[in-house]
Amino acid sequence: MSSMTKQKLEYETLAEIKVGQRAKVVGLLVEGPTRRRLLDLGLLPGTEVKAVMESPLGTPVAYKIRGSILALRLEDASKIMVNPSR
Amino acid sequence: MEKGHDYLVALAGNPNTGKSTVFNALTGLHQHVGNWPGKTVARAEGSFKYMGKRYKLIDLPGTYSLLATATDEEIARNFVLFAHPEVVVVVVDSTTLERNLNLVLQVLEISNRVVICLNLMDEAARKGLEVDAKQLSRDLGVPVVPTVANVGKGLNDLVKVIAGVASGAIPTSPHRFTLKPEIRKVLDEVTPYVKKVVDDLPNTRWITMRLLEGDARIRKTLENGDLASLATLNQHVSIAESTEAELKELFDRVQIAASSIRESLHDHIVSSIYADAEIIASKAVTKTEAPKIDMDAKLDRILTSRIIGFPIMIALLMGVFWITIEGANIPSQLLAEGLFWLEDQFTLLFRWFGAPEWLEGVLVHGIYRSLAWVVAVMLPPMAIFFPLFTLFENFGYLARVAFNIDRIFKWAGAHGKQAITMCMGFGCNATGVISCRSINSPRERLIAILTNNFVPCNGRWPTLILVTTVFVAPMFPSAVSSIVAAAVMVAITLVGIFATFIISAVLSRTLLKGESSFFTLEMPSYRRPQIFRVLYTSLIDRTIKVLYRAIVWAAPAGAIIWILGNVYVGSETLMTYLAGILSPIGLLIGLDGIILLAYIVALPANEIIIPTIIMGYMGASMMIELESMAGLHALFVAQGFTVVTAICLMLFSVLHYPCATTTHTIWKETGSAKWTFLSNLIPLVVAFLVCFVVAQSAHILGFG
C-alpha cells in the first residue's frame with residue numbers, strides 16, 4: 001500500500017454519516033462524565049463506527065461500535081468528530 | 001465470627017450480558033432483592049452451597065465501567081475494592097468481547113481472584129464468532145468458563161471454578177493493563193505514598209489513579225479511614241492507621257503529579273485499556289463464516305421501519321391490551337365468585353359468634369370486600385400483562401420502542417428511555433416509577449417519574465372498559481362494537497400519552513429546566529425469551545409485589561367506604577351527604593358528587609372506583625357489582641349519567657393523581673416531599689382543566 005496516497009484530512013461529525021456508511025473516530029467534543037461514558041462505550045480515537053439504522057422519526061441513529069449497537073441522537077452525534085471511510 | 005457464609009462472591013458485568021440469568025441460575029430461589037443502603041439502586045443477594053461450603057453471591061449493578069461517576073458504577077467499584085469478596089465473577093457477552101473486556105480489565109486491576117463467565121456462547125456461534133476460552137484465560141491470567149446461562153450450559157463448571165478460586169486451589173495472576181510509560185512514571189512516583197496509607201488492598205495503583213483523577217470520595221474516605229462505609233457492608237475493613245503527616249504528604253504528591261497529567265489522564269487510561277482489549281480480543285476471537293442472513297438487522301429493518309414501525313408499535317399495544325382484557329375476563333369472574341362466596345361464609349361465621357353488626361360491616365363488608373375486589377380485578381390482568389411485557393423486554397423490543405419515539409421525548413426535553421418506563425406503567429405506575437431508575441440524568445428521571453401516572457395502569461383499565469362497553473359500544477352495531485370499544489381504549493390511552501409529552505415539555509421548560517443529557521441507548525441483540533424466567537420475574541417480582549402493595553392500601557379504604565355507606569347524617573348516609581357537598585364541583589367538570597367522592601376514598605386503589613360509584617348510586621350500604629350491562633346502563637342513566645359524563649369519567653381516570661401506592665413509591669424514589677406533592681398536584685390540575693373544558697364545551701354545543 002502506498003503511503004503516498006493523498007489522504008485528505010476531512011473531518012466530519014458522526015451526525016453526517018449516512019446509514020450504511022463507515023467512519024473512524026477522530027475525537028470527542030465533550031468533556032466531563034459524558035466524555036468518560038463515551039470512552040467507556042468504546043468511542044475512542046481510531047475506533048471504526050458504522051451507521052446501521054435510523055429511527056422512523058429521523059433521530060436517533062444507531063451505530064455499530066466494537067460489535068455492539070448504540071443509538072445516539074444526531075445532536076449528540078454531532079459532538080463526535082470522525083473521518084469518513086471512502 | 002459468624003458470617004453465615006464461607007465465601008463472598010461478587011457478580012459484575014455489562015448490562016445485557018445475561019448477568020441476572022447467571023445470578024438466578026446459581027442461587028435459584030435463595031435470593032433476596034432490596035436496595036443498596038441509602039441508594040435507589042437494586043441490590044440482589046443470594047446464596048448457594050457447593051461441596052459443603054456456603055457461598056454468598058452479590059449481584060452488582062450492571063455497568064460498562066468502574067471508572068465513571070454514575071452511582072451504580074460507584075457501588076460496583078466500591079464493593080469490589082473494599083468489601084473484599086473472595087471471588088469476583090465477571091459475566092461477559094462473548095459477542096462483544098472487546099467492549100466487555102474494558103470492564104474485565106478494570107476488575108482485574110483491583111481484584112486478584114476473578115473468574116470470567118464467557119456467556120452467550122450460542123449467540124456468538126450464531127453470529128459466526130468463535131471464542132477461544134483457553135486463549136482468553138492465558139491472556140487474562142484468570143479462569144474463563146464458557147456458558148450459555150439461559151439453558152444452564154456451563155454453569156456446573158462455573159461453580160466448580162468459583163469454588164477453586166475461592167479456596168485458592170486455582171491460582172490466578174490477573175493481567176494488569178499496560179499504561180503508557182509517561183503515565184506509569186507519574187503513577188510510580190505517587191503509589192508508594194498511597195501504600196503508606198492503605199496497605200491491604202489488592203492493587204494500590206488503582207487508588208493512585210482515582211486520586212490523580214480527582215475522585216473526591218476516595219480522598220475523603222482516606223481522610224476518615226472509613227473504607228467499610230464505601231463498600232456499604234457491615235464488615236470490618238481496616239486500613240492502616242495513618243498519620244496526618246502521611247496523608248498530607250500523599251495529597252501533596254497527588255496534587256503535584258496531577259497538575260502534569262490530569263487533563264488527559266482518563267483518556268489515557270481508557271485508551272490503554274482498550275488497546276489491551278483489542279489485542280486480547282483479536283487473539284481470542286476467530287470469525288468463522290458469517291451467517292448469510294443477519295436476523296437482527298432484518299428484524300430491525302421491520303420494527304424500526306419508517307413506514308410500518310409505528311403501526312407495528314400501536315398494533316402490538318392493542319394486541320397486549322386485547323389479550324390481557326380477554327384473558328382476564330373469566331379468571332376475574334371466577335375469582336370474584338370465589339372470594340364473594342368466602343365473604344358469605346365469613347358473614348355466617350360472624351353471626352354465629354354473635355359479633356356486633358358494625359364489626360361484621362367494617363371487617364367483612366368493608367375491608368374484606370374491598371380486598372376481594374382488588375384481587376379479583378387486579379390479579380388476572382396483571383398476571384397476564386406483566387409476563388407479556390417481560391417477554392417484549394427480554395426479546396429486546398422495548399429498546400426499539402425507545403429508539404422509535406425518542407425524537408418526541410427529545411422535543412419534550414426528556415429521555416428516550418422514558419418510553420420504556422411508560423410501557424411498564426401500563427402494568428402498574430408504582431412499578432413504572434421504579435423503572436425510571438434506568439434514566440441516569442436526575443432531571444430527566446424526575447420528569448419520567450412525575451408523568452408516569454398519565455399512562456393508565458391496569459387498575460384503571462376496568463373503569464375504562466366498563467364505561468366504554470356500557471356507554472360507547474351500544475351506540476354502534478353489535479358487529480363492530482367490540483372493535484369500537486378497543487379503539488376507544490386506545491384513543492383514551494393516546495390522550496394519556498399525549499398528556500405525558502405535553503407535561504414533560506412544560507416541566508423541562510419550567511420547573512425542571514436544563515440541558516438534555518447526552519443520550520446513549522444500547523440496542524441489545526434480539527433474544528428468544530426464556531419462558532420460565534419470564535414467568536418468574538413477572539409473577540413473583542412484579543405481580544405479587546404490586547398486588548401486595550395494593551392490598552395493604554386497599555384495606556383501610558374498604559373500612560372507610562363501609563363507614564360512609566352506613567353512618568347516617570340525619571336521614572341520609574354520610575356518602576350521600578358528602579356527595580351532595582361535592583356535587584357542584586363534580587358537575588362543573590362533567591362528573592358528579594358520587595364520582596368525585598369515589599375518587600377521593602378510592603385513592604389507595606383505582607380498582608374500587610366503579611364498585612364505589614355503583615354503591616353510591618344504588619344508595620346501597622356496601623360495594624356491589626350489577627350483573628347485567630343493561631341494568632348498569634339504566635342505573636347510570638337514572639343518575640343523570642350521559643355520554644359526556646362517560647367521556648369525562650374516562651379522561652379523569654387517565655389524568656388524575658396517582659394512587660396511594662404510587663405516591664408512596666414516588667416519595668421513596670425521589671426522597672422529596674416537594675416532588676411527591678407535585679406528582680399529585682400536577683395531574684389533579686390537568687385532570688380538572690381538561691374535564692372542565694370538555695364538559696363546558698359540550699354544554700355550550702348542546703350535548704349533555
Side-chain angles (χ1 to χ4, degrees), chain A residues 13-15 17-83, chain B residues 14 16 63-70 73 93 95-100 102-103 106 127 129 213 266-267 269-271 273-275 277-278 281 285 296-297 300-301 304-310 313 399-400 402-408 410 416 440 516-525:
Chain A
T13 75
L14 189 55
I17 303 301
K18 298 275 167 290
V19 170
Q21 237 186 323
R22 286 168 201 277
K24 269 210 166 94
V25 175
V26 177
L28 308 175
L29 303 180
V30 284
E31 289 305 324
T34 306
R35 182 185 185 87
R36 294 176 176 211
R37 186 142 50 95
L38 294 180
L39 292 173
D40 281 328
L41 288 165
L43 276 166
L44 296 153
T47 304
E48 183 169 284
V49 293
K50 183 187 175 192
V52 287
M53 62 177 164
E54 194 183 75
S55 159
L57 299 176
T59 172
V61 171
Y63 303 91
K64 191 158 197 166
I65 300 157
R66 297 181 192 259
S68 59
I69 296 178
L70 192 72
L72 301 175
R73 288 173 176 169
L74 286 180
E75 196 182 278
D76 295 333
S78 71
K79 291 169 192 148
I80 297 168
M81 302 302 293
V82 296
N83 199 352
Chain B
N14 284 9
N16 297 313
T63 59
Y64 294 108
S65 168
L66 301 176
L67 287 165
T69 43
E73 296 190 13
D93 176 353
T95 66
T96 53
L97 187 61
E98 200 177 292
R99 220 254 331 263
N100 280 254
N102 176 36
L103 179 70
Q106 292 182 33
K127 290 188 173 170
L129 299 170
E213 275 201 59
H266 190 86
D267 286 34
I269 293 173
V270 181
S271 58
I273 295 174
Y274 264 107
E278 270 172 38
V285 182
D296 277 16
D300 271 335
R301 258 199 297 284
T304 68
S305 146
R306 185 162 297 228
I307 299 157
I308 55 171
F310 274 83
M313 243 162 48
R400 272 74 187 179
F403 180 69
N404 283 348
I405 61 179
D406 173 66
R407 189 171 202 165
I408 309 177
K410 180 181 172 287
N440 278 329
S516 282
S517 70
F518 200 104
F519 173 80
T520 54
L521 174 72
E522 193 181 0
M523 313 279 271
S525 291

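Chain letters run A, B, ... following the sequence lines, proteins first, then strands; residues in each count from 1.
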Practice task
Assess whether side-chain contact (heavy atoms from CB on, under 4.5 Å) is satisfied between Glu73(B) and Arg36(A), documenting all intermediate values.
Solution key: CA-CA 12 Å; Glu73(B) 296 190 13; Arg36(A) 294 176 176 211; over 6 Å; no
Practice task
With side-chain contact (heavy atoms from CB on, under 4.5 Å) as the test, would you mind laying out the steps for Thr47(A) and Glu98(B) before giving the verdict?
Solution key: CA-CA 12 Å; Thr47(A) 304; Glu98(B) 200 177 292; over 6 Å; no
Practice task
For each of Phe310(B), Tyr64(B), Phe519(B), tally heavy-atom pairs with chain A at distances under 4.5 Å, and name the one with the top tally.
Solution key: Phe519(B)
Problem - Shortest non-hydrogen contact between Arg66(A) and Arg99(B), atoms and distance - result: O-CB, 4.5 Å
Exercise for the section: Give, for atom CD1 of Ile69(A) and atom CG of Leu521(B), the distance between the pair rounded to the nearest 0.5 Å. Expected result: 11.0 Å
Problem - Best-contacting candidate, Met53(A), Glu75(A), Lys79(A), against chain B by heavy atom pairs under 4.5 angstrom - result: Met53(A)
Completion exercise
All heavy atoms of Leu39(A) vs all of His266(B), minimum pair found to be CD1-CD2, 3.7 Å
Problem - Region of Thr59(A) in contact with chain B, defined by heavy-atom distances below 4.5 Å - result: both
Problem - Heavy-atom pair of closest approach, residues Ser517(B) and Arg73(A) - result: O-NH1, 4.4 Å
Problem - Among Gly67(A), Gly58(A), Ala71(A), residue most engaged with chain B (heavy-atom pairs, under 4.5 Å) - result: Ala71(A)
Problem - Min side-chain heavy-atom separation Glu522(B)-Leu41(A) under 4.5 Å - result: no
Handout entry: Shortest non-hydrogen contact from Ser55(A) toward Asn404(B)
Key = OG-O, 3.2 Å
Problem - Ile307(B) atom CD1, over 12 foreign heavy atoms within 6.0 Å - result: no
Practice task
Measure from the side-chain N and O atoms of Arg37(A) to the backbone N and O of Phe518(B), and report whether any donor-acceptor pair falls under 3.5 Å.
Solution key: yes
Handout entry: Leading residue by heavy atom contact count with chain B [cutoff under 4.5 Å; candidates Leu38(A), Leu28(A), Val30(A), Val52(A)]
Key = Leu38(A)
Practice task
Would you confirm whether Arg407(B), through its side chain, and Leu57(A), through its main-chain N or O, come within 3.5 Å as a donor-acceptor pair?
Solution key: yes
Practice task
Heavy atoms only, distances under 4.5 angstrom: which of Thr520(B), Asn102(B), Ile308(B) has the most pairs with chain A? Name it, please.
Solution key: Thr520(B)
